[in-house]
Asks: 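Take this structure first; my questions come after.
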There are 2 protein chains.
Amino acid sequence: MPKYKKVAELIRERIKDNTYSVDEKLPDQNSLAEEFSTSRVTIKRALDLLTTAGLVYTIQGSGTYVKRNALLQAQSSIQIGHNVGLTTAVRDEVELQSKTIKFNVRFPDEKEQQQLMIDKDTPVYHYQRLRILGGKPYSLENTVVPVHTIPGITEEVLKDSVYRYIRGELGIIFGDNRQIVRAAKPNELDKTYLACKEDDPILEVEKVMFLKTGTPFEYSKVHHRFDMVEMSFINQDS
Amino acid sequence: MPKYKKVAELIRERIKDNTYSVDEKLPDQNSLAEEFSTSRVTIKRALDLLTTAGLVYTIQGSGTYVKRNALLQAQSSIQIGHNVGLTTAVRDEVELQSKTIKFNVRFPDEKEQQQLMIDKDTPVYHYQRLRILGGKPYSLENTVVPVHTIPGITEEVLKDSVYRYIRGELGIIFGDNRQIVRAAKPNELDKTYLACKEDDPILEVEKVMFLKTGTPFEYSKVHHRFDMVEMSFINQDS
DNA sequence: CAGTGGTCTAGACCACGCA
DNA sequence: GCGTGGTCTAGACCACTGA
């Protein structure tokens, strides 16, 4: 682990155990550089990490301060980018299952061509899966994946995790993803598989996943039961 | 503007106008340093910016490459952190209005105390506003703000923009915000003010806004008409 | 093994906050 | 004007890729 990350980790510990407490000013960068036997540039990089993580803020000419809400963020070690995700309103010990409703290969429609940056003659996998948590269905996935980007998807793979297959078996590295979230009315499939009543809303998530190289490799629309899933995220300041 | 930002901006231009095209390798950092009459460290910082912005990716030992989907991001100049927001499914020329339904001062309930990090004796403003776009109501805000953090809110301020008041009049700097998004059934207020039918879903956004210092200054729950608002965001890779 | 990106240093100068 | 953070440099060493 590079030194600037180590230093950031050490300072994070100090914030967590109140060595540097909320609203307090940290020692100046020169002092920190001396204490950690490093250069000021390295200290600056460490503090930048902590700033991005939402633990501290700096005022040029004044100093570096611990944020009022730092302790909320200080628990886990430094991980940025992982700040968005689905939260199921359920405990951990519950069993997660998948049931494949549909699995075939076809050509993409226009929207899929555009989102996946492929032409109309590029074959895609198309599958629908029902996700079940503790015996209760909670979301219905509808996914399209270009065959030439992620080859070798089988019903076996779908029973487990597709992402684990991509990362583990194929050794492919993920990149960004773009999502759009809406509220929607349930369609016939939702009523059938998610046991939605006529007036139960759906949380719809439309998503495009990219590889590190910027190649889109998955376009999906997922319908979630409104009473089992919510999405949370953090907006960084600019 | 610092040099590393200028360099980043110049490289972004080159990607945009195809001087460096998709999937292509950029010149190595030493060459770039020479060309821009700067040091390699500065080039590295510029490339880091572009990486964060999703335009390029690097492979140690190999080089820096333009992402396949770089052009989508290359249009606007470099702005990170602004990647999450509400999108109204409407054009620009339409008029935006606010109608204040309720405005008073009271003490916070338990949830509000916790979210705003205040105790039960700290007075808060509480207001509800209907947002109207081109004559059509599209969202209903329910907002709580501690009086001692943002003093001087009036009905006049509510008619305009509260954020403009905070930033402009009070000169206070915003920081992060945390949001949770859900689908929900409409309540009586929604039916009255948003003209929701019984089976029209609601997109509910619960949000806490923080100052740069980490002090929470606003806790809100906003109900959006499902057919007028969606939320989009980008997840960075880690 | 040559080329490339990732990290680190010591020292310098600038911009800003604050008294 | 002093103390602080923000930027920049030249040079060095290391880690990794790929021929």
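Each chain gets a letter, A, B and so on, in the order the sequences are listed, and its residues count up from 1. These figures come from a predicted structure and were not determined experimentally.
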Asks: Take the protein atom CD1 of A:Ile59 and the nucleotide atom C1' of C:dA15, then report the distance between them rounded to whole Å.
Replies: 15 Å
Asks: From D:dA10, D:dC8, C:dG5, pick the nucleotide closest to the side chain of B:Asp28?
Replies: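 Closest nucleotide among those given: C:dG5.
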Asks: Of the nucleotides D:dT7, D:dG5, C:dC8, which has the atom closest to the B:Tyr4 side chain?
Replies: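 So the side chain of B:Tyr4 is nearest to D:dT7.
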Asks: Could you check whether B:Ser31 and B:Glu34, counting side-chain N and O atoms only, form a donor-acceptor pair closer than 3.5 Å?
Replies: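 Judged by distance alone, the side chains do not pair up.
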Asks: Between B:Arg45 and B:Val41, which residue's closest nucleotide on DNA chain D lies nearer the 5′ terminus?
Replies: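 The residue mapped nearer the 5' terminus is B:Arg45.
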Asks: Starting from C1' on C:dG3, measure out to CD on B:Gln60 and report it in whole angstrom.
Replies: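 Between C1' of C:dG3 and CD of B:Gln60: 12 Å.
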Asks: Counting side-chain heavy atoms from C-beta on, which of C:dT7, D:dT17, D:dA10 comes nearest to B:Ser39?
Replies: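 Selected nucleotide: D:dA10.
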Asks: What's the closest nucleotide to the B:Arg40 side chain, out of D:dC8, C:dT9, C:dT7?
Replies: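 So the nucleotide nearest the side chain must be C:dT7.
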Asks: Just compare C:dT7, C:dG5, D:dT9 and give me whichever is closest to any side-chain atom of A:Pro2.
Replies: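 Taking heavy atoms from C-beta onward, the closest nucleotide is C:dT7.
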Asks: Check the distance between C:dA10's P and A:Ile43's CD1 and give it to me in whole angstrom.
Replies: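 About 12 Å, once rounded to whole Å.
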Asks: Taking OP1 and OP2 of D:dG6, is either one under 4.0 Å from a side-chain nitrogen or oxygen of A:Gln29?
Replies: yes
Asks: Closer than 4.0 Å, any side-chain N/O of A:Lys3 to the OP1 or OP2 of C:dT9?
Replies: yes
Asks: Rounded to whole angstroms, how far apart are NZ on B:Lys5 and P on D:dG6?
Replies: 11 Å
Asks: To the nearest Å, how far apart are A:Ile173 CD1 and D:dT17 C1'?
Replies: 13 Å
Asks: Reckon B:Ser37 touches a base, only the sugar-phosphate, or nothing at all at heavy-atom distances under 4.0 Å?
Replies: sugar-phosphate
Asks: Can you tell me the distance, in whole Å, between the OH atom of B:Tyr57 and the C1' atom of C:dT4?
Replies: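 After rounding, the reported distance stands at 15 Å.
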Asks: Assign the ring pair B:Phe217 / B:Tyr163 to parallel, tilted or perpendicular, where the plane angle (0 to 90°) is split at 30° and 60°.
Replies: perpendicular
Asks: Indicate whether the side chain of A:Ser98 and that of A:Arg131 have a donor and an acceptor atom separated by less than 3.5 Å.
Replies: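 A:Ser98 vs A:Arg131: donor-acceptor pair found between side chains.
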Asks: Would you say the side chains of A:Tyr127 and A:Glu141 form a donor-acceptor pair under 3.5 Å?
Replies: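 Looking only at side-chain atoms, A:Glu141 and A:Tyr127 do not form any donor-acceptor pair under 3.5 Å.
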Asks: If the cut-off is 4.0 Å, is B:Lys44 near the phosphate of C:dG6, judged by side-chain N/O to OP1 or OP2?
Replies: yes
Asks: Distance only, no hydrogens: is a donor on one side chain within 3.5 Å (strictly under) of an acceptor on the other, for A:Asp48 and A:Thr51?
Replies: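 No, no side-chain donor-acceptor pair sits under 3.5 Å.
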Asks: Within this structure, what is the CG-to-C1' distance between A:Asp48 and D:dT7, rounded to whole angstrom?
Replies: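 It is 11 Å, rounded to the nearest whole Å.
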Asks: If you assign A:Thr42 and A:Ser62 each to the DNA chain C nucleotide with the nearest heavy atom, which residue ends up on the more 5' nucleotide?
Replies: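 Result of the comparison: A:Thr42.
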Asks: To the nearest angstrom, how far is B:Asn30 atom CG from D:dG11 atom C1'?
Replies: 11 Å
